[in-house]
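Structure first, commentary second.
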Number of protein chains: 2
Amino acid sequence: MTKKHIQIIEKAEELFATQGYEGTTVRNIADAAGVNLAMISYYFGSKEKLLEALFMERMNATKHRIEAVVNNQSLTPFQKIETLIDEYITRVEEKEAFYKIMLSEQVINKNTVVMKLLKELKLTYARLISSVIEEGQKQKVFRKDVDIVLMLTTMTGTVMLMLINKDYYREFNNQKKLPNPVFEEQLSARLREHVKTIFKAHLGYES
Amino acid sequence: MTKKHIQIIEKAEELFATQGYEGTTVRNIADAAGVNLAMISYYFGSKEKLLEALFMERMNATKHRIEAVVNNQSLTPFQKIETLIDEYITRVEEKEAFYKIMLSEQVINKNTVVMKLLKELKLTYARLISSVIEEGQKQKVFRKDVDIVLMLTTMTGTVMLMLINKDYYREFNNQKKLPNPVFEEQLSARLREHVKTIFKAHLGYES
DNA sequence: AATTATTTCAAACAAATGTTTAATTTTGCT
DNA sequence: AGCAAAATTAAACATTTGTTTGAAATAATT
């Protein structure tokens, strides 16, 4: 991965998120990245492989960050869950564009390489969470019957749809005049609290 | 709206859901619907207007069904909320393809007609729910501080992402051998219970 | 400095795209 | 049956699509 690779991937990411994969042309990407049209094929082989390269790059980084939390011995199961929620929301905020592409690509369910990467990461993630929850169950702080995938779906679903519902959240709550950074900050805090509350209600006895 | 209109709209709906709007060609639609290529322009004006016609058709039906629940005088606020959750999940199950398109289109955020329709429906929905919740608050069965949009986002987010996560839910829970109708039935019941539990935990004192 | 490899470029490629045309067929009405 | 309106068709339209080409420029190696 050279600087040029990253430069192209980042611009492609923006465009795929705002126009969709099919709605973005290689000429769009080349223009945005300030490189010649032929460079995309030269560096990645094809438009499709560029998408796959983007997914590999982003998902690899994600995997490392998740494992760091789960393997952190100094955290209690409860703290691990809360940290994983915070980490997830932070990642989505940092890489909003990529998570939008992820969402769209999952709906279409077409690119087999991307779908395989996604499934693998999801199962890994669920298994890691599973180990944390079992840890908590042994310590009698978590309930016995926990539907992990359903809980994760609620977390990702809420965060993903908030990405889409931001404006409408703002309008409904009469926060149109609020400066954008302030609004984003407030929303982020509320969202974190909201997801954590849901998890607590479902996992623990103590809530 | 003639039978031909509906015939074309339904096939377009399937294709838009599985290939995306941009990934679907008018020739694809014409072939699937068994009509000549020129018929799409003849009946709808353009590919884009066909998408808009699909949204108008589906969202109009949705609006009527929601209002019927809210205006039903024989239901308590709690029953209304539960009915709205059930109705929503039923609608998504019935029109899976359309809800996938809705999701993709919201990510892209391009077609202004579609986005306007969506925003309108969402605000209407939130206001209706709001009135139900206020009703419940007067009767002291609901809490005072309820973030309606956040709750709705959790509901729609969970249901939308479950649409995408089905297979992976199945694999993680070792239900690969279960016949599909049985699995779908179980998942539907679990999902309804799950969303209702979340709502109860957030709305009521009694849970 | 010479030569080899890598990168960049404009141009061209065939295939596919949404839409329109103009002729033909079918339908509905008197 | 005769006629006007509506529906259907194959063909053509101009653009746009992803990808390739082969020459030119730049960088790296000897």
Side-chain angles (χ1 to χ4, degrees), chain A residues 1-57 97 101 104-105 107-115, chain B residues 1-57 97 101 104-105 107-115:
Chain A
M1 274 278 187
T2 67
K3 286 216 170 195
K4 269 276 154 61
H5 280 98
I6 294 168
Q7 179 186 347
I8 294 170
I9 282 193
E10 281 177 352
K11 291 299 179 181
E13 188 176 35
E14 279 178 39
L15 291 167
F16 288 159
T18 52
Q19 317 194 38
Y21 171 75
E22 293 285 356
T24 304
T25 70
V26 291
R27 282 169 183 82
N28 292 155
I29 300 167
D31 287 351
V35 300
N36 185 275
L37 168 65
M39 291 288 92
I40 275 95
S41 291
Y42 179 74
Y43 274 111
F44 296 96
S46 67
K47 184 190 173 187
E48 200 172 4
K49 282 183 188 158
L50 165 57
L51 178 73
E52 292 162 12
L54 166 65
F55 269 82
M56 289 188 216
E57 179 71 12
I101 302 169
S104 297
E105 279 305 304
V107 174
I108 305 303
N109 189 18
K110 194 180 170 189
N111 185 306
T112 52
V113 175
V114 166
M115 291 312 290
Chain B
M1 275 277 187
T2 67
K3 287 215 169 194
K4 269 275 154 61
H5 280 97
I6 294 168
Q7 179 187 345
I8 294 171
I9 280 192
E10 281 176 353
K11 292 297 179 184
E13 187 176 35
E14 279 178 40
L15 292 168
F16 288 159
T18 53
Q19 316 194 38
Y21 170 75
E22 292 284 355
T24 305
T25 71
V26 292
R27 281 168 183 81
N28 291 157
I29 300 166
D31 286 352
V35 300
N36 185 277
L37 167 66
M39 291 286 91
I40 275 94
S41 290
Y42 180 74
Y43 275 112
F44 295 96
S46 68
K47 185 191 173 188
E48 201 171 4
K49 281 184 189 159
L50 165 58
L51 178 73
E52 292 162 11
L54 165 65
F55 268 82
M56 288 188 214
E57 179 71 13
I101 303 170
S104 298
E105 281 303 305
V107 174
I108 306 301
N109 188 20
K110 194 179 170 188
N111 185 306
T112 51
V113 176
V114 166
M115 291 311 291

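Just so we're clear, the structure is a prediction, and the values are computed from it rather than from any experiment. Letters A, B, ... mirror the listed sequences (proteins, then strands); counts begin at 1.
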Cation-pi, A:Tyr21 ring and A:Lys47 (6.0 angstrom, 45 degrees)
yes
Taking the minimum atom-to-atom distance to the side chain of A:Val26, which one of C:dT7, D:dT19, D:dA11 wins?
D:dT19
How many Å lie between CD1 on B:Ile8 and C1' on C:dG18, as a whole number?
15 Å
For the pair made of CZ in B:Arg27 and P in C:dT17, what is the distance, rounded to whole Å?
7 Å
For D:dA6, take OP1 and OP2 only and decide whether either is under 4.0 Å from a side-chain N or O of B:Tyr42.
no
B:His5 NE2 to D:dT8 P, in whole Å, measures 11 Å
Is atom NZ of A:Lys11 surrounded by more than 12 heavy atoms (other residues, nucleotides or ligands) closer than 6.0 Å?
no
What distance do B:Glu105 atom CD and B:Phe16 atom CZ have between them, rounded to the nearest 0.5 Å?
8.5 Å
Starting the side chain at C-beta, find the nucleotide from D:dT19, C:dC9, C:dT20 nearest to A:Ala38.
C:dC9
Between A:Leu37 (CG) and D:dT21 (P), how many Å, whole number?
14 Å
A:Asp31 CG to D:dT17 P, in whole Å, measures 11 Å
Rounded to whole angstroms, how far apart are CD1 on A:Ile29 and P on D:dT17?
11 Å
So what does B:Phe44 touch, heavy atoms closer than 4.0 Å: a base, only the sugar-phosphate, or nothing?
nothing
Please figure out whether B:Gly34 or A:Asn36 has its closest DNA chain D nucleotide nearer the 5' end.
B:Gly34
Under 4.0 Å, heavy atoms only, any strand: does A:Ile40 hit a base, just the sugar-phosphate, or nothing?
nothing
Report the distance from atom CG of B:Leu50 to atom P of C:dG18, rounded to the nearest whole Å.
11 Å
Have a look at A:Ser41 and say if it touches a base, only the backbone sugar-phosphate, or nothing, with a 4.0 Å heavy-atom cut-off.
base
Crowded around B:Lys110 NZ? As in, over 12 foreign heavy atoms under 6.0 Å?
no
Could you state the CE-P distance from A:Met39 to D:dG22, rounded to the nearest angstrom?
16 Å
Distance in Å, A:Glu14 CD paired with A:Asn28 CG, rounded so as to fall on 0.5 Å steps:
12.0 Å
Heavy atoms under 4.0 Å, any strand shown: does A:Thr24 hit a base, just sugar-phosphate, or nothing?
sugar-phosphate
The answer to which of B:Gly23 and B:Gly45 contacts DNA chain C further toward the 5' end, by nearest nucleotide, is B:Gly23
Given D:dT19, D:dT9, C:dT17, identify the nucleotide with an atom nearest to the side chain of B:Thr25.
C:dT17
Verify the contact: side-chain N or O of B:Lys4 to OP1 or OP2 of D:dT8, cut-off strictly under 4.0 Å; return yes or no.
yes
